[in-house]
Each structure stands twice: as structure tokens, then as C-alpha cells.
Amino acid sequence: IAGITQAPTSQILAAGRRMTLRCTQDMRHNAMYWYRQDLGLGLRLIHYSNTAGTTGKGEVPDGYSVSRANTDDFPLTLASAVPSQTSVYFCASSLSPAVHHEKLFFGSGTQLSVL
Amino acid sequence: AQKITQTQPGMFVQEKEAVTLDCTYDTSDQSYGLFWYKQPSSGEMIFLIYQGSYDEQNATEGRYSLNFQKARKSANLVISASQLGDSAMYFCAMREVNNNDMRFGAGTRLTVKP
């Protein structure tokens, strides 16, 4: 089934540790995104990539980095996790970047707890 | 600044009744898209309906319709004939032209009572 695969599904992490959340899509979408979901705040964009080899910062990029070596993969790295990064993380994609009529397709999310 | 406002943290509706979930937005663009997503307790984000800013007709998708009032900058979701499976979190979102970010509201938790 075509779509977006995220791993792990959930993770408990000690503060200060490094963590990479994985995201792979098989829809050949050009644009990919990382959002975090927090109660009362909805989803907020962390980083995005319009095409392989390019990335950009979203609304809440601090403490996170991304890379886009190819079309399919878009990993999110927390270099040194802090408790405020406890959240549900969603990877998403769209066929084209920055097109107002295109919906986002979402992965199933990663529940991350930083202690 | 918050661009999407959902003022109802929680809503209750009786099964088979209709319910309206409110959404207002803020933008200076003339071209933009409005979206509604459903998030059931399992956590996945499910796309429900889309409305373009230049669309003259309100969007409909089965039991979902979008009450679009451009001058008031509102895009309310109407669910007709509510079902128990409609119990979920609902997010309103907006995408502006040449903007990489789809902005989301805080969400409304809908509970359908039997």
C-alpha cells in the first residue's frame, strides 16, 4: 500500500541523547514535511523539503535538523533531546511544494517522550 | 500570529444529528486553500475536505460539507447524520500561495453520543 512509513512508532529517550526519526514515502512526492503535534497547539511545521537536496525551516525548527538525500527519505534528527521535545511527530508529503490546493498525506506518527 | 482559530475545544452531538465545527482564519492572500482533517483515537491524520478561496460553491464530500464564508474568513465543517465513528479530533488548516507551511488550528474534539 502506497504511503508514508514512520519509525519508530514510539520512543522513550533520556534527555541529552541523540535521536533520529525515520520517514519514507513511496508516492514519489516532491515535497516532504515534519510536524509536531502538541495539545492545544495543533500541528506546527518543524522543517520541510521541496525537493531532494533542499531543506527549509518551518515555524519551530530549533533543536531539530533534517536531510533529504533522495526523494523517498526525510529523516528528522534531535541532536540533544530536551523534555520540551516530548511530542507526537508527523511526517507528511505532497506532490508539489507550496501549492495552496494540494493536501498533505501523513504518516502514522511517532510518539516521543524525553525524560 | 495564530492564523487558524478553532474556538471549540470539545463538542458533543447526538447520533444521527448534524454538527458544525467552527473555524476562522487570517490571511492577506487572495488565493489559498482550506482543509479539514480528522484524527481518530488511533492517531492517523485523515483528509476530509478541501475548499479553494476562489471556489464559488461550498465543498461537499459525502456527509461532510464546508460552510465557506469568505468575507467573514470562516470555513466551518458540517457533519450531517453523525455516527459513532465520527468521534475524533478535527483540525482545520490553511495553505497560502507559495507558502511551504500548512497552518493548523488547535483542533476540536467531537464526541458522538448514542
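Just so we're on the same page: letters track the sequence lines, and every chain starts at 1.
Of the possible polar contacts, none joining the Tyr32(B) side chain to the His101(A) backbone as a donor-acceptor pair under 3.5 Å is found.
To the nearest 0.5 Å, atom CG of residue Leu45(A) and atom CG of residue Asn100(B) are 8.0 Å apart. With rounding to the nearest 0.5 angstrom, the OG1 atom of Thr27(B) is 10.5 Å from the NE2 atom of His100(A).
Lys113(B) NZ: 12 or fewer foreign heavy atoms inside a 6.0 Å radius. The environment of CG in Asn98(B) is sparse: at most 12 heavy-atom neighbours from other residues, nucleotides or ligands sit within 6.0 Å. For Arg17(A), the CZ atom is loosely surrounded, since the number of other residues' heavy atoms within 6.0 Å does not exceed 12. More than 12 heavy atoms of other residues, nucleotides or ligands shown are found within 6.0 angstrom of CZ on Arg44(A). Within a 6.0 Å radius of CG in Leu84(B), more than 12 heavy atoms belonging to other residues, nucleotides or ligands are found. The number of heavy-atom neighbours closer than 6.0 Å to CG of Leu95(A), taken from other residues, nucleotides and ligands shown, is above 12.
Contact between Ala106(B) and Gly40(A) at its shortest, heavy atoms only, is CB-O, 3.4 Å. Of all heavy-atom pairs spanning Tyr35(A) and Asp101(B), the tightest one is OH-OD1, 3.4 Å.
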(message) Run the side-chain contact (heavy atoms from CB on, under 4.5 Å) test on Phe35(B) and Glu102(A) for me, step by step, so that the C-alpha distance in whole Å, both residues' side-chain angles and the decisive distance to 0.1 Å come before the verdict.
(response) CA-CA 9 Å; Phe35(B) 303 79; Glu102(A) 281 208 14; 5.9 Å; no
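Looking only at side-chain heavy atoms (C-beta outward), Phe91(B) and Leu43(A) come within less than 4.5 Å of each other. Between Phe105(A) and Met45(B), every side-chain heavy-atom pair lies at or beyond the 4.5 Å cut-off. Under the 4.5 Å side-chain criterion, counting only non-hydrogen atoms from C-beta, Leu104(A) is in contact with Arg95(B). Contact of the Glu59(A) side chain with the Arg103(B) side chain is registered, since non-hydrogen atoms from C-beta on lie closer than 4.5 Å.
The part of Asn50(A) that comes within reach of chain B is its side chain, from C-beta onward, which places non-hydrogen atoms under 4.5 angstrom from that chain. Using a 4.5 Å cut-off between heavy atoms, Ser49(A) does not touch chain B at all. In this structure, no portion of Gln51(B) lies under 4.5 Å from any heavy atom of chain A.
Residue Ile4(B) is not grouped with residue Val97(B) when hydrophobic side chains (ILVMFWY) are merged at heavy-atom distances under 4.5 angstrom, including chains of intermediate members. No single ILVMFWY cluster, assembled from side-chain heavy atoms under 4.5 Å apart, contains both Trp34(A) and Phe90(A). By the criterion of side-chain heavy atoms lying less than 4.5 angstrom apart, applied directly or through intervening Ile, Leu, Val, Met, Phe, Trp or Tyr residues, Met32(A) is grouped together with Tyr89(A) in one hydrophobic cluster. Grouping the Ile, Leu, Val, Met, Phe, Trp and Tyr side chains by contacts below 4.5 angstrom, directly or via other members, places Val112(B) apart from Val78(B).
Ranked by heavy-atom pairs under 4.5 Å with chain B, the first of Ala31(A), Gly42(A), Gly58(A) is Gly42(A). Most heavy-atom pairs under 4.5 Å with chain A, from the set Ala93(B), Ser53(B), Gly33(B), Gly52(B): that is Gly33(B).
Checked against the 6.0 Å centroid criterion, the rings of Phe106(A) and Phe47(B) do not qualify as a close aromatic pair.
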